[in-house]
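Okay, structure first, notes after.
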Amino acid sequence: MSGFYRTAVGKKWVMAITGLVLMGFVFAHMVGNLKMYLGPTHYDEYAEWLRTGLLVPILPDGVALWGMRVVLIVAVGYHIHAAYSLTMLNRRARPQRYASPRDYIAASWAARTMRWSGVIVALFIVFHLADLTTGWANPDFHAGDVYANVVASFQRWPVALFYVLANLALGVHLYHGVWSLFQTMGSMSPHFNPRHNPLRRAAAAGFTILVVGPNISFPIAVLTGVVG
């Protein structure tokens, strides 16, 4: 298995599989946060269920949540490592310039957007945890009072703006990621290989809008008084 991972194909498959795990998480996270629109009681009950009730009594309190966290940490770690390793492999494999400026611009644009959107999303995750999980970045944080913590955070317009911009970066990353996913996991099927396959673009755009649209609405809803 380690030998397969050392190859470019292996790294692409690891990126695809970890990408699917992370896509499932951001989708589930978005769906859960929609409970914010139902009011503090429903939202706080949902947060408490995540902390203490997930898969109980099959597993003890909190075990499932920590299991999910471990899986996510491993997925993020491998996703970043595979992306960095592929970048290094591509640089070593193509020391010469591209055959045409058009090829260079297209490849460079894809690489830059994935690289920088990934960095922005990674920084956003760190801030998000400090803001709404540990409370280090939220002066009005109260453990267990999830609805109030979210409202207090998003009432600070610089924080709300950062959340919107970070989710736009997430959207760019998701779009290119889903589009590339078809190339990697459907590599044996000619139906998914054409560069301009409309199914690939529709799936990428649809999933991106489905996740990013509601995510952006949360800080806007707090700033405009819809939630709070």
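The minimum heavy-atom distance linking Val21 with Ala75 is given by the pair CG1-CB, 4.1 Å. The two atoms that bring Thr208 and Gly171 nearest to each other are CG2-O, 3.3 Å, heavy atoms only. What you find for Ser117 and His173 is that their closest heavy atoms are OG-ND1, 2.9 Å. Heavy-atom minimum distance, His176 versus Met114: CB-SD, 3.1 Å.
The aromatic ring centroids of Phe154 and Phe218 lie 6.0 Å or more from each other.
Heavy atoms from other residues, nucleotides or ligands lying under 6.0 Å from CZ of Phe127 number more than 12. For Tyr84, the OH atom is loosely surrounded, since the number of other residues' heavy atoms within 6.0 Å does not exceed 12.
Side-chain contact of Tyr5 with Ser85: a donor-acceptor pair under 3.5 Å is absent, judged by distance alone.
Classified by interplanar angle (parallel below 30°, tilted 30° to 60°, perpendicular above 60°), the ring pair Tyr46/Tyr43 is parallel.
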side-chain contact (heavy atoms from CB on, under 4.5 Å) assessment of Ile216 paired with Val212: CA-CA 6 Å; Ile216 288 177; Val212 174; 3.5 Å; yes
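Expressed to the nearest 0.5 Å, how far NE2 of His29 lies from CG of Asn215 amounts to 8.0 Å.
For residues 139-163, the side chain to side chain donor-acceptor pair (under 3.5 Å) pairs, not counting sequence neighbours, are His128-Tyr163, Asp131-Ser153, Asp131-Arg156, Asp131-Tyr163, Ser153-Arg156.
Judged by distance alone, with hydrogens and angles left aside, the side-chain atoms of Thr18 form a donor-acceptor pair with the main-chain N or O of Met15 at under 3.5 Å.
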